[in-house]
A.B. asks: 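This is the structure, below, for whatever I ask next.
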Amino acid sequence: MTVLKTSLRNFLAHKGRMALSAIAVLLSVAFVCGTLVFTDTMNTTFDKLFQVTSSDVTVSAKGASDTGETTSDTGKPPVLPAAVVGRIERTPGVKSAEGTVFSTSVTVVDGDKEKLSPTSGAPTIVGNWNANDARTMKITTGAAPHGAGQIMVDADTAKKHHLKLGDDIGVITAVGTHHARVSGIATFTVTNPGAAIFYLDTKTAQQALVGTTGVFTNVNVTADPGVTDARLKRDVSAALGTGYKVQTAKEVADANQQDVKSFLDVMRYAMLGFAGIAFLVGIFLIINTFSMLVAQRTREIGLMRAIGSSRRQVNRSVLIEALLLGVVGSVLGVGAGVGIAVGLMKLMGQIGMHLSTDDLTVAWTTPVAGVVLGVVVTVLAAYLPARRAGKISPMAALRDAGAPADARAGVIRAVIGLVLTGAGAAGLAAAAASDHATTGSAWLGLGIVLTLIGFVVIGPLLASGVVRVLGAIVLRVFGPVGRMAERNALRNPRRTGATGAALMIGLALVACLSVVGSSMVASATDQLDKTVGADFIVQSDNGSVITPQAVDALKSTPGLERVTEYKILPVTMTTPDGKVSKNESLNAADPSYAEDLRTKTVQGDLADAYGADSMSVFAGFAQDHGIKLGSKVGVAFKDGRTAELTVRAITSDEVVVDKGAMYVSIATAKKYVPADKMPLDLLFFATAKEGQQDAAYKALKASLHDYPQYTVRDQTDYKQALKDQIGQLLNLIYGLLALAIIVAVLGVVNTLALSVVERTREIGLMRAIGLSRRQLRRMIRLESVVIALFGALLGLGLGMGWGATAQKLLALQGLKVLDIPWPTIITVFIASAFVGLFAALIPAFRAGRMNVLSAIATE
C-alpha cells in the first residue's frame with residue numbers, strides 16, 4: 001500500500017511532465033482503435049447491404065462472376081434467355097421469379113459529357129428498375145422510367161452532380177451511346193457504399209446494355225414460405241440443368257463480402273502497421289520521460305533507500321507510475337479512436353462512400369485490445385528506467401546531481417550497437433547482391449530491422465560525434481549561446497540519442513519510400529523513352545474496352561501514319577513438355593505493334609511473331625516449359641478453336657512495359673475466334689505523320705470528343721499520369737507516417753521540458769551572471785534544432801540506404817534507374833529544423849519566465 005501511495009503521489013506531482021507521454025500513448029491507441037472501429041463498421045455496412053439486396057436465389061449465366069460484375073471482354077455482360085424465367089416460375093417452391101439486366105462496363109455522362117462515375121473507386125451500375133431494387137430504394141422525386149427516353153438516378157449521385165428532373169444523361173456501352181432524360185430520383189433506404197446507379201426500363205436496358213431484347217443477366221428468385229434457400233437452389237438447379245450459375249442469398253453475399261474483405265484487410269493492416277510505428281516511436285518518448293524523472297529524483301530515491309525501501313519497492317513504484325500512465329492514455333485513446341473512426345467515415349463520405357453512424361460498430365475486443373496494448377507497451381518501455389531506479393544506492397541521497405553514468409554499460413551498448421549495425425549492413429549488402437527478388441526481399445527486411453535497432457542502440461555514440469559536427473556548422477554562428485546549446489545536447493548523449501531516434505524512425509521511412517517511388521518513376525520513364533515508339537496511347541482509365549464506334553472514329557482521325565489495335569485473349573496452352581497451362585492470355589496486336597513497343601528479345605525477332613500461326617513467349621515461360629525457337633504450342637482460345645502456333649521470338653523478362661506478355665497477331669486470332677466472340681480492343685497506339693504530332697494530338701482529342709470514357713495521352717501525359725499515381729500513393733503513406741512524426745515531436749518537447757526542469761538551478765545561475773531571457777530562449781531553441789537535425793540526418797541517411805537497396809531488387813523486375821529525390825530529402829531536412837523550433841516554443845517560454853532567485857534556490 002505504501003508503494004502504491006508513493007507512486008500515486010509521484011504521478012500526480014509530475015502530472016504535467018507525464019501529459020506529453022500520455023498523449024503519445026493516446027494517439028497510438030486511438031489510431032489502433034480507430035482503424036478497428038472503422039473497418040468493423042465498413043464490414044457491418046456491407047454485410048447489411050448484401051443481405052438486403054440479395055434475393056433468395058439468384059440465377060445467372062455460367063460465365064458471370066460471383067460478385068455479379070461484368071466480366072465479358074466484349075464489353076457486354078453474360079446473358080441468359082428470357083425463357084429461363086418461365087422455367088424457373090414453374091419450379092416447385094418458387095413464389096416468384098423476375099428477370100433483371102445490368103452492367104458495370106458502362107460510362108455515364110451528363111449533357112456536357114462530364115463523367116458521372118464515383119471518384120471513390122466504386123462501380124457505376126446501369127440496369128432495369130425491378131422489385132428487388134425497390135426493396136432498398138425509394139423513389140423520392142419523379143417517377144420510375146417508362147420508355148426509351150427516361151432514366152432514373154440515385155439521390156447521392158444526383159446531389160453530387162447537381163442533376164434534376166429533365167436533365168440529359170448519356171449511357172455509353174459497347175453497344176453504343178443511349179440518351180435519356182432524368183425521370184426520377186431514388187433514395188437508398190440502406191447505406192450507399194458509393195456506387196452510382198442508373199435505372200432504365202427493362203426493354204431499354206436490354207437494348208442499351210446488350211444490344212438485343214429477350215435476354216437477362218440475372219433472375220431473382222423468391223421462395224415460397226417454408227422453403228429454405230438451399231432447397232430452392234437444389235430444385236432450380238435440377239429444373240435448369242447445367243450451363244447456369246445458381247447461388248443462394250448467402251453465397252452471393254459471401255462472394256461480395258469476400259471481394260470487399262480483401263480491400264478492407266489491406267486497409268486495416270496498413271493502418272495498423274503505421275500505428276505500430278507510432279507505438280515504437282512512443283516507446284522512446286516513454287523511456288526518455290521515465291529516465292529523466294528517475295535521474296531528477298535520484299536524491300529522493302536515495303533517501304527512500306536509506307530509510308528502508310528495497311530495490312523491488314523502488315522498481316515497483318516506477319512501474320506503477322507507468323501503469324497509471326498507460327491506463328489513463330489508453331482509456332482516453334479508446335474514446336479518441338471512436339472519434340477518429342467517425343472522422344474517417346465523414347472523410348469517406350466526402351469522396352462518395354457514404355457510411356452511416358447508425359452502423360458504427362465497436363466490438364468489445366476493440367477497447368480491450370487498445371487498453372491492453374497501451375498498458376503493456378507503456379510498462380515495458382518503463383522497465384529499463386525502473387531497473388535503473390532500483391539500482392540507486394542510499395549514498396545517492398548525499399549527492400547533488402543524478403547518478404553518474406555507467407561507463408561500462410556505455411561501452412557494452414556501443415559494442416552491441418556496432419555489431420547490430422554491421423549485421424544489418426551485411427543484410428542490406430546481401431539483398432543488393434541477390435539474383436532473386438524473394439531471397440533479396442528477406443535479406444532486405446532483415447537488414448532494415450537490424451540497422452534500425454543498431455542505430456537506436458548506437459544512438460548515444462553517434463550523438464557525440466554528429467552533434468559536434470552539426471554544432472560547428474549550425475550553432476557556432478550564434479556565438480556563446482550556440483556553444484552552450486551544443487554542450488547541453490552533448491551533456492547526456494543517451495537522452496539526445498533516444499530523442500533523435502524517435503524522429504529518425506519516421507524520417508527513415510519517408511526517405512526510403514521517396515527513393516523507391518522516385519526510382520520507380522525514373523525507371524518507368526526511362527523504359528518508356530527506350531521502348532515506346534508510338535506517339536499516342538488511347539485507353540480507358542477504368543480498364544473498359546474500346547467500343548467499335550470509338551475505333552472507327554479513332555481510325556478516321558487525320559494526320560496519323562498508323563494505328564495499332566491491342567486485345568487480350570484468354571487461352572489455355574499445351575506446351576512441348578506436355579503441361580497444360582490454364583488461365584493464360586495472349587496479347588493480340590497488329591504487326592505494327594513491334595514498332596510501337598520495341599520489346600527486347602533474347603532470341604528471334606518480335607516482328608516474326610506477328611506472322612501467320614506464330615507467337616512469342618517470354619523468357620521465364622520458355623525456360624519453365626522447355627520452349628525454343630520453332631517450338632509448337634497448342635493454344636485453345638476461349639470461345640474459339642484450338643490452334644498450333646510456332647514460337648518465333650522469346651522476349652526478355654527485364655522489361656517494365658508489357659512484362660510477361662506473349663504476343664500473337666490479330667489476324668491469327670481471327671482465324672480461330674468467331675467475330676462475335678472476339679474481344680474488343682483494350683487500348684490503341686497511334687503514330688502521327690512526320691512533323692504533325694501537335695495537330696494529330698488535337699485531332700485525336702476532337703475525334704474522341706463523343707467518347708469521354710477514353711483518354712488520349714502522348715508520352716509526356718503518360719509519364720505525368722504515372723508520376724501522379726505514385727505520388728498520390730506516397731502522399732497517403734506520408735500522411736499516415738505523420739502520426740509517428742507527431743509523436744516524435746512530442747518526444748522533443750518532453751525532453752526539453754524535463755531538461756529545463758533538471759537544469760533549473762543552472763538556468764538561474766546563468767541568468768544571474770547576465771544571460772538575458774532572449775538568449776536563454778534562443779539557447780533552448782538551438783538545442784532543440786540540433787537534436788531534430790541529428791534525428792533527421794540519421795533517419796534520412798538510413799532511409800536512403802534502405803531505398804537504394806530496395807531499388808536493386810526492383811532492378812530485377814526491370815526498374816533499373818536509381819533516382820535520389822534530393823529536393824525532397826533537402827526539404828525534409830530543412831523542415832526538421834523548423835520542427836525543432838516548434839517543439840522548443842513552450843519549454844523555451846517556460847524557461848524564460850523562471851524567477852532567478854527561486855531558480856538558484858532550487859536543489
Side-chain angles (χ1 to χ4, degrees), residues 39-73 76-80 84 88 94 97-106 118 120-128 130-133 135-137 188 190-197 209 216-223 227-238 240 242-269 353 355 359 361 542-544 570 582-583 638:
T39 52
D40 286 346
T41 300
M42 287 192 72
N43 273 320
T44 299
T45 297
F46 283 110
D47 279 342
K48 285 185 177 179
L49 177 68
F50 298 145
Q51 287 169 7
V52 172
T53 56
S54 300
S55 57
D56 295 337
V57 165
T58 301
V59 180
S60 52
K62 198 171 184 65
S65 70
D66 288 340
T67 57
E69 292 185 7
T70 304
T71 57
S72 173
D73 45 21
K76 300 176 185 178
V79 295
L80 9 105
V84 170
I88 294 173
V94 173
E98 181 182 30
T100 65
V101 58
F102 79 97
S103 177
T104 55
S105 291
V106 293
S120 61
T124 299
I125 303 172
V126 178
N128 67 321
N130 56 78
N132 203 54
D133 288 318
R135 292 163 51 197
T136 58
M137 302 194 77
F188 281 93
V190 295
T191 298
N192 174 19
I197 303 181
L209 303 177
F216 294 111
T217 56
N218 297 315
V219 179
N220 295 328
V221 187
T222 303
V227 178
T228 65
D229 291 357
R231 178 184 163 190
L232 183 63
K233 174 185 175 179
R234 197 165 53 244
D235 292 343
V236 170
S237 297
L240 295 178
T242 59
Y244 300 94
K245 183 188 288 290
V246 183
Q247 298 169 286
T248 63
K250 185 178 186 307
E251 288 172 339
V252 173
D254 288 347
N256 280 291
Q257 189 61 39
Q258 190 62 37
D259 201 43
V260 173
K261 184 177 181 296
S262 57
F263 163 72
L264 292 180
D265 283 348
V266 170
M267 178 187 291
R268 172 180 293 205
Y269 293 129
M353 183 176 286
L355 300 171
D359 295 327
T361 305
N542 63 3
S544 298
K582 297 182 179 180
N583 301 320
K638 180 185 176 184

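One is the number of the first residue; the rest follow in order along the sequence.
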A.B. asks: May I ask you to decide whether R231 forms a salt bridge with D235, counting only side-chain N to carboxylate O separations under 4.0 Å?
C.D. replies: yes
A.B. asks: Determine the minimum heavy-atom distance between L80 and A61, stating which atoms define it.
C.D. replies: CD2-N, 3.3 Å
A.B. asks: Provide the closest heavy-atom pair for A196 versus P118 in the form atom of the first, atom of the second, distance.
C.D. replies: N-CG, 3.6 Å
A.B. asks: Please determine whether side chain to side chain contact (heavy atoms under 4.5 Å, CB included) holds for the pair N218 and S60, giving the CA-CA distance in whole Å, both sets of side-chain angles, and the decisive distance to 0.1 Å.
C.D. replies: CA-CA 5 Å; N218 297 315; S60 52; 3.1 Å; yes
A.B. asks: So which heavy atom on V246 is nearest to which on K233, and how close?
C.D. replies: O-CE, 3.2 Å
A.B. asks: Could you give the distance from CD (Q247) to CG (D229), rounded to the nearest 0.5 Å?
C.D. replies: 12.0 Å
A.B. asks: Return the CG to OG distance between L209 and S103, rounded to the nearest 0.5 Å.
C.D. replies: 5.5 Å
A.B. asks: Considering residues at least two apart in sequence or located in another chain, which fulfil the salt bridge (Lys or Arg N to Asp or Glu O under 4.0 Å) criterion with D133?
C.D. replies: none
A.B. asks: Look at the side chain of N132 and the backbone N and O of N130, then say whether any donor-acceptor pair between them is shorter than 3.5 Å.
C.D. replies: no
A.B. asks: To the nearest 0.5 angstrom, please state how far the CE atom of M42 sits from the CG atom of D40.
C.D. replies: 11.5 Å
A.B. asks: Restricting to non-hydrogen atoms, name the atom on V106 and the atom on T124 that form the minimum distance, rounded to 0.1 Å.
C.D. replies: CG2-O, 3.5 Å
A.B. asks: Tell me if the CZ atom of R268 is crowded by more than 12 foreign heavy atoms within 6.0 Å.
C.D. replies: yes
A.B. asks: If you compare all heavy atoms of A223 against all heavy atoms of V227, which two are closest, and at what distance to 0.1 Å?
C.D. replies: CB-O, 3.6 Å
A.B. asks: Which residues pass the salt bridge (Lys or Arg N to Asp or Glu O under 4.0 Å) test with D56, not counting sequence neighbours?
C.D. replies: none
A.B. asks: List in chain and number order the residues that pass side-chain contact (heavy atoms from CB on, under 4.5 Å) with T217, two or more places apart in sequence or in another chain; answer none if no residue qualifies.
C.D. replies: P77, V79, T100, V101, F102
A.B. asks: Any side-chain heavy atom of T361 sitting closer than 4.5 Å to one from N43?
C.D. replies: no
